[in-house]
Amino acid sequence: MRAEARWPLATIAFAPMKGVLGRTRPPRRTRVRRRPGRRMAAGGLEPSERLIGGLIVLTAILTAGTVGYMALGLGLLDSLYQTVITISTVGYSDPENVGGRYQLFTIILILLGTGTSLYMIGVVFEMLLEGRLDDQLRRRRMQRDIDQLSGHSVICGYGQVGRAIAAVMIDQGADVVVIDRDPDVSMLDAADLSLRWVSGDATHDSVLRDAGVERAETMVLALDSDVDNLYVALSARSLCPELFIVARANSADAAPKLHRAGADRVINPHQLGGSRMAAIALQPGVADYLDEVIGRTDQDVRLLEHRIVRGSKLVGKSVAELDLAQRAGCEMLAIRRDNRWFAISRAAQQSDAQQSAHRLAEHDLLVVLGTAEQLSLALALFDAEQLSANELSKEN
């Protein structure tokens with residue numbers, strides 16, 4: 001079941017249209033930028049992987065050195081001590097009466113241990129100078145934060161469309177997690193937008209799990225490739241059957257395929273952008289008013305949507321009996337039922353003569369217009385009329 005209330009209605013869908021969805025950018029699926037020095041020239045290992053490898057080698061050298069000195073006649077503690085001061089190049093003094101075997105073993109230990117220690121110091125400095133250590137610590141903290149989220153929104157793709165969607169959703173107070181292939185893209189806005197992000201390919205189930213898709217409420221597919229959006233929709237639907245998926249389609253042919261793959265809504269930014277421009281050209285006044293209502297959060301007039309769930313006391317009531325105009329000061333504009341919209345006239349809200357035609361039912365979606373204060377009163381009214389499943393079972 002979807003969330004009981006979301007508002008403002010369609011802010012996420014239309015706000016990015018202002019000069020954003022009408023443009024496209026070159027596909028990025030074959031381009032993955034990397035910062036200079038990100039990987040070794042040979043071996044292809046990350047600095048963190050090299051550091052772990054160096055620690056393993058250093059531990060092995062310490063163990064071998066301790067065992068070797070014990071074989072040469074020293075005790076356990078003396079052997080460990082002698083190995084450490086030898087590798088660290090401190091080397092206070094050698095025990096008395098040492099022979100050639102002892103000296104030869106010490107020479108080999110100095111060469112291996114000192115080289116490994118210098119290699120690790122170089123890796124640590126590289127990580128510090130490139131910010132890798134701080135980056136990895138920040139990623140781990142962010143991943144712990146994501147693991148605690150529930151009912152959040154996941155955005156796949158952080159291009160022009162994804163960035164605009166994320167900004168609007170965060171402005172509405174939603175918890176957002178962004179998935180993008182480029183590890184540097186999300187970092188640009190992470191501090192300013194309090195953005196949570198996962199670097200990786202959204203077509204991989206492991207990356208989707210890192211973003212908490214199984215606990216998410218909504219997913220927005222804003223990737224540049226229809227094939228990628230289709231693949232992610234299939235994966236996300238299998239991971240979370242209740243997930244509400246909004247997908248971007250760059251061609252008309254992709255829309256029905258995305259629906260079959262599990263997308264609940266499919267948006268073609270080119271069609272939507274063209275329709276928007278045509279509306280502005282034909283009726284600029286109406287378009288400007290709609291922008292004020294659904295495209296900006298600092299305006300007085302807003303829209304609210306509310307889903308009537310099972311067990312609600314609103315079921316069976318008429319629009320006139322609900323009387324939002326008198327009780328909250330706002331106005332009901334429409335009801336969505338069985339994928340059909342029913343416009344509600346002011347007469348239907350005030351007259352008992354049309355009550356039977358507008359009685360509320362389970363799963364109805366109510367669209368209400370009013371100020372922020374009026375919509376808050378309407379939400380409180382809806383919550384008061386809501387009968388929880390536990391109360392319903394007790395009554396039964």
Using modelled atom types only, decide if a donor and an acceptor are shared between the side chain of [X] and the backbone of [Y] within a distance under 3.5 Å.
{"X": "T86", "Y": "I110", "result": "no"}
{"X": "Q374", "Y": "G329", "result": "yes"}
{"X": "D226", "Y": "N250", "result": "yes"}
{"X": "H152", "Y": "A211", "result": "yes"}
{"X": "S312", "Y": "I308", "result": "no"}
{"X": "R215", "Y": "L149", "result": "yes"}
{"X": "S238", "Y": "S235", "result": "yes"}
{"X": "D264", "Y": "I245", "result": "yes"}
{"X": "R181", "Y": "D201", "result": "no"}
{"X": "E305", "Y": "V368", "result": "no"}

Cluster overlap V67 with I56, hydrophobic side-chain contacts below 4.5 Å: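 Cluster IDs for V67 and I56 differ.
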M70 with L72, same ILVMFWY side-chain cluster at under 4.5 Å: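 No; L72 is not reachable from M70 via cluster members.
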Have [X] and [Y] got a donor and an acceptor in their side chains that come within less than 3.5 Å?
{"X": "D78", "Y": "Q82", "answer": "no"}
{"X": "S251", "Y": "D253", "answer": "no"}
{"X": "T106", "Y": "Y69", "answer": "yes"}

Worked verdict on L381 versus L377 for side-chain contact (heavy atoms from CB on, under 4.5 Å): CA-CA 6 Å; L381 176 62; L377 292 175; over 6 Å; no
Flag if over 12 foreign heavy atoms under 6.0 Å of CZ, F105: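 Counting neighbours around CZ of F105, more than 12 heavy atoms of other residues, nucleotides or ligands fall under 6.0 Å, so yes.
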Working to the nearest 0.5 angstrom, can you tell me the gap between [X] [atom1] and [Y] [atom2]?
{"X": "R359", "Y": "L314", "atom1": "CZ", "atom2": "CG", "result": "13.0 Å"}
{"X": "E214", "Y": "L239", "atom1": "CD", "atom2": "CG", "result": "5.5 Å"}
{"X": "L109", "Y": "T114", "atom1": "CG", "atom2": "OG1", "result": "7.5 Å"}
{"X": "D180", "Y": "S199", "atom1": "CG", "atom2": "OG", "result": "7.5 Å"}

Search all heavy atoms of [X] against all heavy atoms of [Y] and return the closest pair with its distance.
{"X": "S79", "Y": "L74", "answer": "OG-CB, 3.4 Å"}
{"X": "C156", "Y": "A202", "answer": "SG-CB, 3.9 Å"}
{"X": "A252", "Y": "Q271", "answer": "CB-NE2, 4.5 Å"}
{"X": "A247", "Y": "A263", "answer": "CB-CB, 3.9 Å"}
{"X": "I61", "Y": "L112", "answer": "CD1-O, 3.6 Å"}
{"X": "T83", "Y": "T66", "answer": "OG1-N, 3.3 Å"}

Check against side-chain contact (heavy atoms from CB on, under 4.5 Å), F244 and R265: CA-CA 8 Å; F244 187 80; R265 300 287 189 276; 3.7 Å; yes
Side-chain contact test, heavy atoms from C-beta onward, threshold under 4.5 Å: evaluate it for [X] versus [Y] and give yes or no.
{"X": "R163", "Y": "V178", "answer": "no"}
{"X": "S318", "Y": "L360", "answer": "no"}
{"X": "F382", "Y": "L304", "answer": "yes"}
{"X": "M219", "Y": "L221", "answer": "yes"}
{"X": "V367", "Y": "W341", "answer": "yes"}
{"X": "D210", "Y": "Q143", "answer": "yes"}
{"X": "I87", "Y": "L62", "answer": "yes"}
{"X": "E217", "Y": "L243", "answer": "no"}

salt_bridge(R196, D145) N-O dist < 4.0 Å: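 Here R196 pairs with D145 in a salt bridge, since their nearest N and O are under 4.0 Å apart.
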Salt bridge (charged side-chain N to carboxylate O under 4.0 Å, His left out) between D147 and R209, intermediate numbers included: CA-CA 9 Å; D147 293 339; R209 290 191 177 95; over 6 Å; no
side-chain contact (heavy atoms from CB on, under 4.5 Å) assessment of I179 paired with I155: CA-CA 6 Å; I179 301 176; I155 300 176; over 6 Å; no
Verdict with reasoning, N229 to L258, per side-chain contact (heavy atoms from CB on, under 4.5 Å): CA-CA 8 Å; N229 287 328; L258 285 166; 4.1 Å; yes
Option among I165, I170, V220 that satisfies the side chain to side chain contact (heavy atoms under 4.5 Å, CB included) test with V176: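 For V176, the side chain to side chain contact (heavy atoms under 4.5 Å, CB included) test succeeds with only one of I165, I170, V220, which is I170.
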Criterion salt bridge (charged side-chain N to carboxylate O under 4.0 Å, His left out) against D364, the qualifying member of K317, R337, R340: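 Only one of K317, R337, R340 forms a salt bridge (charged side-chain N to carboxylate O under 4.0 Å, His left out) with D364, namely R337.
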D224/R248 under salt bridge (charged side-chain N to carboxylate O under 4.0 Å, His left out): CA gap, chis, key distance, verdict: CA-CA 8 Å; D224 294 327; R248 167 185 175 180; 3.4 Å; yes
